[in-house]
Amino acid sequence: MNLSKEIYRERRQRLMNNLGMDNTIAVLRSGEMATRNNDCEYEFRAHSSFFYLTGFQEPSALLFILPSGESHMAVLPKDPEREQWDGFRHGITGAMQTFGMEQAVELDELDELALELLDGADQVAVLMDDEYLRDQVLHWRDQLAAKARQGAIAPTGLVDLSDTLHEMRLIKDIGEIEIMERAAHISVQAHIAAMQAVQPGMMEYELEAELNYIFMKNGARVPAYNNIVASGSNACVLHYIKNDEKIEDGDLILIDAGGELGCYASDITRTFPANGKFSEPQAQLYQLVLDAYHEALTHMQVGKPYEDFHNAAVEVLTKGLVELGLLQGSVAELIENKAYRKFYMHNTGHWLGLDVHDCGRYKINGASRPFEAGMVVTLEPGLYVNPDNENVDAKWRGIGIRIEDDILIREDGPYVLTQGLAKEIHEIEALMASKALMASH
Ligand SMILES: [Mn+2]
């Protein structure tokens, strides 16, 4: 699933060019194994930015990039005994041959390598939120400063690599888009399977199992984030991940889940009736969210400010809430004083990529940034009526709806990566009915 090593090499060179600082060395790390309990560890997943620049997925690795793009890595050593227990390591030969490092050393030579490379550099660039690495770099600086009389020259500046790197990650290249479209397609299949498997009386985690089965069977070995399978009013809890309640006849079910493929996330939400048929109030609110989706999508165009599609969704939703009687007053005022937030309290999208909430600025110089080709962003309007909301008719209470797709911004308009998954009411009911027909045969 990795891209060619030339692509990673080009990214490292471009990073240093874009950083545009003389005599500066960038340092990044892959991250450490994390304990789950006792001696059981979580499966390792490299830091997204480290992975973006290397394709390397082993823990404890450090990457040094020189101004020319020349790259050095410190990696876990080859160790037949450890590999017998924990699996294959690339070692220094693999780091150079397979991953295109100009030089690689084993981890016990890390300090030596760092001191050699940082001696005489003006600045060191790190992802400033990596506190551990910041401390490590300052420690190397101190060691160099202590050797000043032997001629060592310690770097004098620590600079933040985040903005430069995040702007690169924000615009996806063809290879990334291909992987993201495959991840999206797998997740579409998973949602179809869940819609066709649901029966009132099932537990939420039984539906979650359908998702995980399709993800894993198709190579998306892990979900990109914790699966949300929320029946009934659980859908009003935005990050509901307990997934351990019984699905009742008459419930809507909100599933927010996407597989991760080659470290790239997909992120889909669908909301559908447990018994295959929307009730009248469910259908009314659902259609409103769907109308907001369709309107917002038309604003996801190259050159349009990022905030436009959210504002478009808010306007459709607020208007509809007034028409259905959940809000009273003038639409403009309800938007102005954010009264709609009682029913719609999140944004209509976020960047998507190696991280589900991917990096990249939303504003530039205080203003919403324009869309550019190659950005991937989610579109996810929703409505959530708190079950305890006494200010609305009882028929609305406890209904939670979200519809979410992954959108690639292209020169010729928005392209839905997660296409092919029912979202119109008649499409969802037909898909669920087709399952019932199959089961009865
Ligand atoms: Mn999302």
Side-chain angles (χ1 to χ4, degrees), residues 45 48 166 169-170 172 176-177 179-191 194-195 207-208 211-212 215 220 222-230 234-241 243 252-261 263-272 286 289-290 292-297 299-300 306-314 317 341 343-362 371 375-384 400-409 414-423:
R45 203 293 199 169
S48 294
H166 291 173
R169 281 178 51 190
L170 179 58
K172 275 70 181 174
E176 293 181 287
I177 289 166
I179 298 172
M180 290 191 75
E181 190 157 19
R182 283 170 63 185
H185 182 70
I186 292 168
S187 301
V188 165
Q189 301 309 313
H191 277 258
M195 278 189 213
L207 272 193
E208 186 180 14
L211 300 167
N212 285 339
F215 290 160
V222 289
Y225 53 96
N226 292 325
N227 298 318
I228 297 172
V229 181
N234 293 334
C236 298
V237 179
L238 295 179
H239 291 157
Y240 176 84
I241 55 168
N243 304 346
L252 281 182
I253 299 159
L254 183 155
I255 293 184
D256 185 345
E260 181 181 283
L261 187 71
C263 287
Y264 284 85
S266 58
D267 185 2
I268 301 180
T269 308
R270 285 295 184 272
T271 310
F272 52 94
Y286 186 91
V289 176
L290 196 55
Y293 172 104
H294 287 304
E295 177 58 29
L297 183 62
H299 294 263
M300 302 177 93
Y306 178 86
E307 66 188 357
D308 281 16
F309 80 103
H310 172 66
N311 292 338
V314 165
L317 293 173
R341 286 202 144 258
F343 304 102
Y344 184 45
M345 56 297 282
H346 60 74
N347 269 313
T348 309
H350 52 81
W351 307 131
L352 185 73
L354 287 166
D355 291 314
V356 63
H357 294 151
D358 209 33
C359 55
R361 291 194 169 199
Y362 290 93
F371 276 123
M375 291 173 164
V376 179
V377 59
T378 66
L379 169 57
E380 49 179 312
L383 280 177
Y384 314 89
I401 293 161
R402 182 163 62 254
I403 304 169
E404 177 177 29
D405 277 321
D406 303 342
I407 314 295
L408 167 66
I409 306 298
Y415 175 77
V416 182
L417 291 170
T418 44
Q419 63 185 300
L421 179 56
K423 60 177 167 280

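In what follows, every heavy atom counts, from backbone to side chain, and hydrogens, waters and symmetry copies are set aside. We count ligands from 1, going down the list as the structure has it; atoms in each ligand are counted the same way.
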Aromatic rings His357 and His350: how do their planes relate, parallel, tilted or perpendicular, breaks at 30° and 60°?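 Aromatic pair His357/His350 classed perpendicular.
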
Parallel under 30°, tilted from 30 to 60°, perpendicular over 60°: which one fits the rings of Phe309 and Phe371?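 Tilted: the ring planes of Phe309 and Phe371 meet at 30° to 60°.
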
Out of curiosity, Asp355 CG to Tyr264 OH, how far, rounded to the nearest 0.5 Å?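 If we round to the nearest 0.5 Å, Asp355:CG and Tyr264:OH are 10.5 Å apart.
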
Rounded to 10°, how big is the angle at the Mn ion (ligand 1) from Glu380 OE2 to Asp267 OD2?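 Seen from the Mn ion (ligand 1), OE2 and OD2 are separated by roughly 150°.
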
With respect to Phe272, which candidate in Leu252, Ile255, Leu254 satisfies the side-chain contact (heavy atoms from CB on, under 4.5 Å) definition?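 Among Leu252, Ile255, Leu254, the one that satisfies the side-chain contact (heavy atoms from CB on, under 4.5 Å) with Phe272 is Ile255.
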
Any N/O/S of Glu404 under 2.8 Å from the Mn ion (ligand 1)?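 Under 2.8 Å: Glu404 contacts the Mn ion (ligand 1) through an N, O or S atom.
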
Quick check: does His357 have an N/O/S atom under 2.8 Å of the Mn ion (ligand 1)?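 It does not; every qualifying atom lies at 2.8 Å or beyond.
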
